[in-house]
Amino acid sequence: MGALPPLYAKWLSEIIPDEIKGEKHATCDNCAMCSGSNAEAKKTIGFYNPLTKCCTYLPELPNFLVGRILLDSDPAAAFGKQGVEARIEAKEAITPFGVGKTDKFTKQYKDNPKEFGQNLELRCPHYIEEGGLCGIWRNRNSVCMTWFCKNERGQVSREFWKVMHEFLNVLEIALTHWCVLQLDPGTDSLAYLFPLSYDSFFPPKSTLEPEVYQQAWGKWLGREKEFYIECAQLVEKLSWQQIAEAGGVKLEAYRRLLEAANQKRNTKTLPPALYKGRFNVVLQVETSVMVSGYSPLDPINMPVALHDTLDYFDGKAVEKTLEQIRQEKNLKLSEGLVQKLVDFGILAEKKPEKDTPYNSSFGEL
Ligand code: SF4
Ligand code: SF4
């Protein structure tokens, strides 16, 4: 998906000065996972339902993002706002930490991994059917911001987005907690909220008994929307320095990892020696072979002649391998092409173990 949410873009510009582009092959307006005319490929690759795309998901929204959504007066954001208001009014998984997942959704999602991208019942309530758009696009969470079905640099890009997700998730949790402390719902409420909050914002059960709900909200009970709006306003004013302080050492660790992952994503360096990687032949026709390496969602098509050179990559120096292919196959492989095969996991720096599992997951947020 494309542009970053404005709040997150502002923070990220403090630590990664170059523009962070989305993945251009994940063409969400004309979903890359819903198109494709090749019936055989469609059967093998597993396309998504055009009525859901990859949005078979119920996002957990940190308190300050909930507030931003409630404050958004743009008519184009009205559907998303109504959906979030409906979730708050239903009082399912609603705490000062934000708006969480219902138990019903969590169970259905976990029990049906093959229905990702398929089942209309799992579709996000913020998905706008007309045009297949996201109703909370400008304030979507770190999961929705960093998930792409296709990555321009294959596993290198995917690794970058995974680290970005971890970084933003740490940041979301830290700021969520910070907001709760700033707006102090009372000691009873804190006693209820904080033992829950090691890795997730949300209690293990989404439906709280009325007295537990009352305890969770403390002196903000009955003013839940007001609370979320205050959180948004508090967070809006924070400098990066203040955010870094709230995030502590964990956020700093992920900031460093993110910097390194960004540098890797922007650098192309071929390893000195390469092996044929662990990949799956998805489809073979007379002139081409479709293979998937790092992800079954992102296969690549190659001419049969190129596919036939892969066995030459047996750990020798890349230069020697390319020369051998040139002499014996009369094929000159460019460094750019070899880099792409590495990025997509078709060639590997290390010899794959015989039992290295092939990644066969068709997605999951
Ligand atoms: S990220 Fe989702 S909506 Fe975008 S192209 Fe991929 S499957 Fe489609
Ligand atoms: S919040 Fe938006 S991007 Fe995320 S699942 Fe819902 S509709 Fe899709």
Side-chain angles (χ1 to χ4, degrees), residues 1-13 16 19-35 48-88 93 98-101 105 109 116-117 120 122-152 157-158 160-162 164-165 167-169 171-172 175-176 201 225 228-229 231-233 235-236 297 363-365:
M1 298 188 179
L4 308 181
L7 185 67
Y8 290 5
K10 183 176 85 175
W11 293 337
L12 287 165
S13 70
I16 299 182
E19 187 194 353
I20 301 170
K21 291 193 179 135
E23 293 294 334
K24 65 179 180 190
H25 299 303
T27 50
C28 306
D29 289 344
N30 178 22
C31 177
M33 287 299 293
C34 300
S35 53
Y48 290 163
N49 180 347
L51 294 176
T52 64
K53 302 188 189 174
C54 56
C55 294
T56 45
Y57 180 62
L58 183 61
E60 291 182 333
L61 298 171
N63 51 24
F64 61 93
L65 287 185
V66 177
R68 286 176 66 83
I69 294 166
L70 296 177
L71 280 168
D72 198 335
S73 55
D74 183 343
F79 177 82
K81 183 172 167 176
Q82 279 161 19
V84 169
E85 282 174 340
R87 287 173 76 182
I88 297 170
V99 173
K101 283 194 182 82
F105 177 87
Y109 186 82
F116 184 85
L120 208 52
L122 291 173
R123 187 170 74 184
C124 174
H126 311 306
Y127 184 92
I128 304 174
E129 192 161 323
E130 199 183 333
L133 303 172
C134 170
I136 56 169
W137 185 244
R138 284 197 297 263
N139 292 298
R140 64 197 190 283
N141 72 6
S142 59
V143 175
C144 295
M145 183 196 123
T146 55
W147 194 91
F148 296 95
C149 57
K150 302 195 186 293
N151 293 283
E152 195 175 354
S157 308
R158 191 169 69 168
F160 168 77
W161 292 114
K162 272 169 79 175
M164 172 74 87
H165 172 238
F167 169 78
L168 290 175
N169 189 241
L171 189 154
E172 284 171 341
L175 290 185
T176 294
F201 307 127
K225 288 183 198 167
Y228 292 138
I229 287 171
C231 294
Q233 287 166 338
V235 164
E236 178 75 37
L297 301 178
E364 193 177 336
L365 288 170

Compare all side-chain heavy atoms of [X] with those of [Y] and state whether any distance is below 4.5 angstrom.
X      : Y      : answer
Thr56  : Asn49  : no
Leu12  : Met164 : yes
Glu172 : Phe64  : yes
Ile20  : Tyr8   : no
Lys53  : Tyr127 : yes
Val143 : Glu60  : no
Val99  : Tyr228 : yes
Leu297 : Met33  : yes

Cationic tip of Arg158 above Trp161 ring, under 6.0 Å, 45° of axis: no

Lys162 atom NZ, neighbour heavy-atom count above 12 within 6.0 Å: no

Within 6.0 Å of NZ in Lys10, more than 12 heavy atoms from elsewhere: yes

For Gln233, side chain to side chain contact (heavy atoms under 4.5 Å, CB included) partners two or more places apart: Leu71, Ile229

Compare every heavy atom of [Y] with every heavy atom of [X], then report the nearest pair and how far apart it is.
X      : Y      : answer
Arg87  : Pro59  : NH2-O, 2.7 Å
Thr176 : Pro62  : OG1-CB, 3.3 Å
His126 : Gly80  : ND1-O, 4.0 Å
Ala26  : Cys149 : CB-SG, 4.1 Å
Gly135 : Ile128 : CA-CD1, 3.7 Å

Under 3.5 Å, is there a donor-acceptor pair between the side chain of [X] and the main chain of [Y]?
X      : Y      : value
Glu152 : Glu23  : no
Lys225 : Glu85  : no
Thr52  : Leu120 : no
Arg138 : Leu7   : no
Asn141 : Leu61  : no

To the nearest 0.5 Å, what is the distance between [atom1] on [X] and [atom2] on [Y]?
X      : Y      : atom1 : atom2 : answer
Leu133 : Asp29  : CG    : CG    : 7.0 Å
Ile16  : Phe160 : CD1   : CZ    : 5.0 Å
Leu65  : Ile136 : CG    : CD1   : 8.0 Å
Arg140 : Cys55  : CZ    : SG    : 10.0 Å
Tyr48  : Cys31  : OH    : SG    : 8.5 Å

Residues that Arg123 engages under salt bridge (charged side-chain N to carboxylate O under 4.0 Å, His left out), provided they are two or more places apart: Glu129

Within the 6.0 Å centroid threshold, strictly below: Tyr57 and Phe116: no

